[in-house]
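All values below were derived from every heavy atom in this structure, side-chain atoms included, with hydrogens, water molecules and symmetry-related copies excluded. First listed ligand is number 1; within each ligand, the first listed atom is number 1.
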Amino acid sequence: MHTERPVRTGGKSLRLHIWLYFTIFVVIVFALLWIFQIVFLEKFYDRMKTADIRRVAAEMLDHYDDAEFRDRYDELAFDNDLCIEVVDRYYRSVYSRDLLGGTCLLHGYKNSVYDLIDEIRSSYNGIICGEVKNARTQTTILVYGQRIGTPENPQGYLLLNTPLVPVGSTVSIIKRQLIIISCALIFIGLLLSLYLSGRLAKPIADITHSAERLAKGDYTVTFDGGAYQELQQLAATLTYAGEEISRVDMLQRDLIANVSHDLRTPLTMLKAYAEMIRDLSGDNPPKRNEHLAVIIEETDRLALMVNDILDLSKLESGGLQLNPTTFDVRGKLSEIIDRYHGISKRMGYEIHFTPDEPRDVTCDAGKIEQVICNLINNAVNYTGADKQVFVTQTNTPEGVRIAVRDTGDGIEEEKIKLIFDKYYRSENHKREVVGTGLGLSIVKAILKLHNYSFGVDSVLGEGSTFWFVIHQEPTSSPKKH
Ligand code: ADP
């Protein structure tokens, strides 16, 4: 059946999507960086500075009563970039350190120490903390003040100043950097996704192309999966599928060729004899009966052939169930060979049977009978001029070995592998005994279904022995091949 080539669906492009996802990723990274570096930077900085100044003030209070408090205060001032002024309860300077060159509110020309102390005194918890902008220097100063001692009995006041670096310029630098980095990332993402999707999409496109060729019947095609494991697996599976399709296709062609070849001969004969009866022997009863006998024989041959073809296709499709029964092999063999008496007498063949002790086996009797008949048919067909065929039964501990020997030309070593193949026929087959060309394929299929061992021993010029062993253990369930 020929079906239409599948149309291209409106699916999404792999290439575009890889790039899209990469770009979304870059945008998210960019947005996060933007939020943290630009929007919150100033707040982070202020909060950090306030926390630092509080920590320093706490430490200064701890060391206020130490003898060497000045050394410690110096250290704190240097480490934290601070201006410090400590006064006692009478506002007399106890300690003073100016690291900002008079730009602070404590030491500059616009000294606000007293104002700040007033603010501390009026605050509810004795602490002030805030930013003061210096309009002249365009700087902002973080001011911190704290009372030493209790409100009723203050011992002095602690005043700290530290400059707040303008974050604005830093932010604008980071902003520009971020824009450059984002552009670079999007560009790199584009290149990377192009490269990646190329590596992914190209093998897929190649596989599609190969599959199209396969669909058109080019079985020589192989699939290449590129560098990635999953695609390699897909390619390997498709190559395997291609091989299988090719095999099935070949079998089908062979089947048609063989069947038509085999059917043609009996059909020609049928037509020829029917015409002979019509034109010549119609009024001559003895001649007519002779011709009718040929027609009947050829019709039997045809019926057998069609049965064989059906049997084999049933066996091979795996849809056939075995129907095991228990029977005596020896009895069965004698019964089959008896049936050959008619034909062997008529055509001068001799079938010798060498039996062993009766032995019960369990298997599909009908099918095993078919195997034996096929082997005897072949032996009769291919045996030598002496027309001798030998059937031997040998009981062994494993089971019963049945061998069918002829005295024919034998089979060449390389052909032995082929003769069990479907539709393999040697060119020089004779037509004395009904044969369809499928006999050994059916034998093989049945024996394989039973899991029995089988084989051929053949010596060129001396004859062949086809054998198989009916194993003693119960027949295993049929396997699908
Ligand atoms: P057919 O006998 O109808 O050709 P088979 O499948 O039974 O088909 O056999 C396939 C081929 O195996 C035969 O064509 C023949 O060449 C070879 N063969 C089978 N049995 C014998 C035998 N006993 N001696 C020699 N060749 C044989």
Exercise. Of all the atoms in ligand 1, which lie at a distance below 4.0 Å from a heavy atom belonging to I411?
Worked result: 25 (C), 26 (N), 27 (C)
For this session: Under 4.0 Å from a heavy atom of G439: give me the atoms of ligand 1 that qualify, with their elements.
Result: 5 (P), 6 (O), 7 (O)
Exercise. Do N381 and ligand 1 have an N or O pair less than 3.5 Å apart?
Worked result: no
Exercise. Distance-only, no hydrogens or angles: does the D406 side chain make a donor-acceptor pair with backbone N or O of S464 under 3.5 Å?
Worked result: yes
Using atom types as modelled, flag every donor-acceptor pair under 3.5 Å from a side chain in residues 26-36 to any protein atom, sequence neighbours excluded.
none

Problem set entry | Best match, N378, N377, V443: closest heavy atom to atom 7 (O) of ligand 1 | N378
Exercise. Quick one: does Y45's side chain have a donor or acceptor within less than 3.5 Å of a partner on V165's backbone?
Worked result: yes
For this session: Just jot down the ligand 1 atoms closer than 4.0 angstrom to any heavy atom of D406, in number order.
Result: 22 (C), 23 (N), 24 (N)
For this session: State whether the side chain of T383 and the backbone N or O of Q388 hold a donor-acceptor pair below 3.5 Å, judged by distance alone.
Result: yes
Exercise. How about Y349 and Y340: are their ring centres within less than 6.0 Å of each other?
Worked result: no
Problem set entry | Those atoms of ligand 1 less than 4.0 Å from some heavy atom in L440 | 5 (P), 6 (O), 7 (O), 9 (O), 12 (O), 19 (C)
Exercise. Does F420 come within less than 4.0 angstrom of ligand 1, counting non-hydrogen atoms of the residue?
Worked result: no
Side-chain atoms of residues 322-333: list all donor-acceptor pairs with protein atoms under 3.5 Å, sequence neighbours left out, distances to 0.1 Å.
{"unit_1": "T326", "atom_1": "OG1", "unit_2": "T362", "atom_2": "OG1", "d": "2.9"}
{"unit_1": "D328", "atom_1": "OD1", "unit_2": "R330", "atom_2": "N", "d": "3.2"}
{"unit_1": "D328", "atom_1": "OD1", "unit_2": "R359", "atom_2": "N", "d": "2.9"}
{"unit_1": "D328", "atom_1": "OD2", "unit_2": "G331", "atom_2": "N", "d": "3.1"}
{"unit_1": "R330", "atom_1": "NH1", "unit_2": "D356", "atom_2": "O", "d": "3.0"}
{"unit_1": "K332", "atom_1": "NZ", "unit_2": "E369", "atom_2": "OE1", "d": "3.1"}

Exercise. Considering only heavy atoms of S464, which atoms of ligand 1 have at least one such atom less than 4.0 Å away?
Worked result: 24 (N)
